[in-house]
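Here the structure is laid out as structure tokens; the discussion comes afterwards.
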Number of protein chains: 2
Amino acid sequence: MPPYDPSTFPPFAVTVDLVVLTVRRHALCALVVRRGEAPFQGMWALPGGFVRTDEDLGAAAARELAEETGLCAQDPAAPAVGNGAHLEQLGTYGDPGRDPRMRVVSVAHLALAPDLPAPRAGGDANSARWAPVGELLGPGGGMGRDGEQPAPLAFDHARILDDGVERARSKIEYSSLATAFCPPEFTVGELRRVYEAVWGVVLDPRNFHRKVTGTPGFLVPSGGTTTRQGGRPAQLFRTGSATVLNPPMLRPEV
Amino acid sequence: MPPYDPSTFPPFAVTVDLVVLTVRRHALCALVVRRGEAPFQGMWALPGGFVRTDEDLGAAAARELAEETGLCAQDPAAPAVGNGAHLEQLGTYGDPGRDPRMRVVSVAHLALAPDLPAPRAGGDANSARWAPVGELLGPGGGMGRDGEQPAPLAFDHARILDDGVERARSKIEYSSLATAFCPPEFTVGELRRVYEAVWGVVLDPRNFHRKVTGTPGFLVPSGGTTTRQGGRPAQLFRTGSATVLNPPMLRPEV
DNA sequence: GTGTTTATCGTCAGGAAGACGACTATGATT
DNA sequence: AATCATAGTCGTCTTCCTGACGATAAACAC
């Protein structure tokens with residue numbers, strides 16, 4: 001740590017970028033916006049923006065999330081309310097060449113949201129959409145069908161998205177985070193379809209049911225039932241107080 | 001994402017801070033340096049410094065690590081060489097008030113090193129030392145003995161250290177990262193004492209031996225034996241090619 | 001009613017982990 | 001030299017968890 005003069009530090013721009021994930025029609029999807037200006041004009045990118053001078057990093061991410069989706073970042077301690085989303089810091093990307101205009105350090109955040117109506121394009125984004133991660137990342141990282149060509153993302157956003165997807169995939173193993181993809185009340189089958197979409201696998205409904213209902217504090221029955229998935233009525237649950245899943249849910253091999 | 005003029009972005013200083021952990025005398029220790037200037041002059045702090053204009057974040061962390069300890073950051077792909085340490089990004093801390101002089105965003109990194117000789121103070125640090133995390137964080141986060149008063153760290157470094165310790169504690173559960181605390185060749189007992197120091201628990205030597213030697217690719221025998229721990233000679237191992245531990249090593253309850 | 005879909009309960013075999021017993025090979029002590 | 005203390009290594013036994021899968025239940029479509 002060499003001595004420094006605080007007035008001569010090298011200046012950086014600091015932004016937040018968002019990996020907003022949801023599950024739509026049995027597929028893991030990410031929110032992307034079309035860039036309206038150079039560089040990478042017309043390409044898809046992750047939503048994001050500058051951190052303001054007196055704003056915390058998490059607050060900047062929550063603000064961007066609200067601007068782009070109308071979602072309210074969820075305090076992990078508070079009970080789930082409508083339109084609340086899980087938000088956590090993902091990682092920071094600061095390669096000197098990642099933005100051709102200037103030195104930008106981007107603090108990426110990961111948000112998990114239940115299925116929403118149409119995304120609303122905010123600010124300068126010409127349009128916004130939910131894109132299946134398989135389309136954005138290709139078969140490798142996104143586990144899309146073979147042969148699909150990934151639509152390239154601006155900047156290093158493909159890498160950020162890949163890291164975010166991997167974080168989500170691994171974190172639902174040992175936490176109750178998968179419920180962040182569900183509405184406040186959901187069935188065991190709906191939760192199972194979240195795991196199936198995020199991991200790209202098929203799980204045994206009976207073993208899954210035994211696992212999630214047998215873990216104390218993971219799910220609490222809300223009393224009601226629903227038939228919105230067809231078939232026999234299913235019990236409705238809310239997320240319980242347990243945030244960690246021990247032993248974890250095991251991701252099937254290959 | 002409002003439209004912006006790249007020449008009017010709010011300027012930030014970007015630093016890297018290091019949580020360097022090692023195991024010394026059966027205790028998890030962190031590298032701290034004494035601050036030689038205001039603010040927090042005379043207090044202990046995590047080592048760190050400014051990111052240079054054309055330097056990647058990871059490169060800045062590796063440079064600071066080398067300056068402070070002489071350690072060489074280890075490429076995860078390369079085989080272990082002498083004086084190599086594991087280095088990974090931990091998280092980014094950018095609260096507007098965390099540095100009273102100016103707006104500083106710090107990208108914290110976590111480094112795990114084998115037991116070293118005396119730390120060498122680099123640059124402007126009056127001195128540097130390995131401090132048991134229990135002394136720095138108190139009984140809660142650091143699992144120190146009850147009644148100890150934590151020696152406060154400068155800035156928000158106690159929080160950063162706590163996050164780093166928690167990362168290390170959880171990551172050795174499901175990865176071969178604990179071997180980063182060991183010399184290139186080590187015994188099963190030495191590896192077990194690493195787990196015991198990091199977790200602050202006592203593990204059954206027989207079950208631990210069965211677990212680590214029964215996981216394919218985790219440890220490879222190097223052929224030699226040693227009696228440096230006393231008792232019956234123990235087989236020496238190197239870190240194997242397996243980087244994940246599945247099923248994970250279970251941290252005992254409470 | 002019959003078939004289809006989804007939910008839920010039960011059974012059984014195999015594997016992993018915690019609790020320990022037993023034995024081995026060193027150096028230190030008497 | 002005999003004994004002791006220390007650490008390493010191999011087994012055993014019980015318990016818990018998981019994966020595979022049979023069976024039943026309750027809705028809807030026709």
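Proteins get letters first, then strands, A, B, ... in listed order; numbering begins at 1 in each.
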In whole angstrom, what separates F186(A)'s CZ from dA7(C)'s P? 13 Å
Starting at atom CZ of F208(A), determine the distance to atom P of dG10(C), rounded to an integer number of angstrom. 19 Å
Nearest nucleotide by nearest heavy atom, which residue falls closer to the 5' end of DNA chain C, P252(B) or P205(A)? P205(A)
What contact category does R192(A) fall into here, base, sugar-phosphate, or nothing, at under 4.0 angstrom with non-hydrogen atoms? sugar-phosphate
Short side-chain N/O contact from R193(A) to OP1 or OP2 of dA7(C), under 4.0 Å: yes
Grab the CG-P distance between L236(A) and dT6(C) for me, whole Å please. 17 Å
Is R129(B) positioned over the aromatic face of W44(B), cation under 6.0 angstrom from the ring centre and no more than 45 degrees off axis? yes
Donor-acceptor pair between Q235(B) and T225(B) side chains, under 3.5 angstrom: no
Is the closest side-chain heavy-atom distance between L46(A) and L18(A) below 4.5 Å? no
Below 4.0 angstrom from OP1 or OP2 of dT18(D), is there any side-chain N or O of K211(A)? yes
Please state whether the base of dG22(D) and the side chain of R206(A) form at least one donor-acceptor pair under 3.5 Å? yes
Taking the side chain as everything from C-beta on, heavy atoms only, tell me whether L112(A) gets closer than 4.5 Å to L110(A). yes
Can D163(A) and R167(A) be counted as an ion pair, charged N to O under 4.0 angstrom? no
Presence of donor-acceptor pair under 3.5 Å, side chain of R232(A) and base of dA27(D): no
What is the distance, to the nearest angstrom, from the CG atom on L203(A) to the P atom on dC21(D)? 15 Å
Heavy atoms of other groups near R251(B) CZ, more than 12 under 6.0 Å: yes
What's R228(B) touching, base or sugar-phosphate or nothing? Going by heavy atoms closer than 4.0 Å. nothing
How large an angle, rounded to 10°, do the end axes of the helix from dG1(C)-dC30(D) to dT30(C)-dA1(D) enclose when each is built from five base pairs? 10°
What's the CG-P distance between L250(B) and dC16(D), to the nearest Å? 15 Å
Is the gap between the ring centers of Y195(A) and F208(A) under 6.0 Å? yes
Taking CG from N246(A) and P from dC16(D), how many angstroms apart are they, rounded to a whole number? 15 Å
Would you say H209(B) reaches dT9(D)'s phosphate, i.e. side-chain N/O to OP1/OP2 under 4.0 Å? yes
Of G231(A) and N207(A), the one whose closest DNA chain C nucleotide lies more 5': G231(A)
Out of dT26(C), dG19(D), dA7(C), minimum distance to the side chain of A234(A) belongs to dA7(C)
Identify, between G230(A) and M249(A), the residue whose nearest nucleotide on DNA chain D lies closer to the 5' end. M249(A)
Toward the 5' end of DNA chain D, which comes first, V188(B) or R210(B), by nearest nucleotide? V188(B)
Side chains of D17(B) and Y93(B), donor plus acceptor under 3.5 Å: no
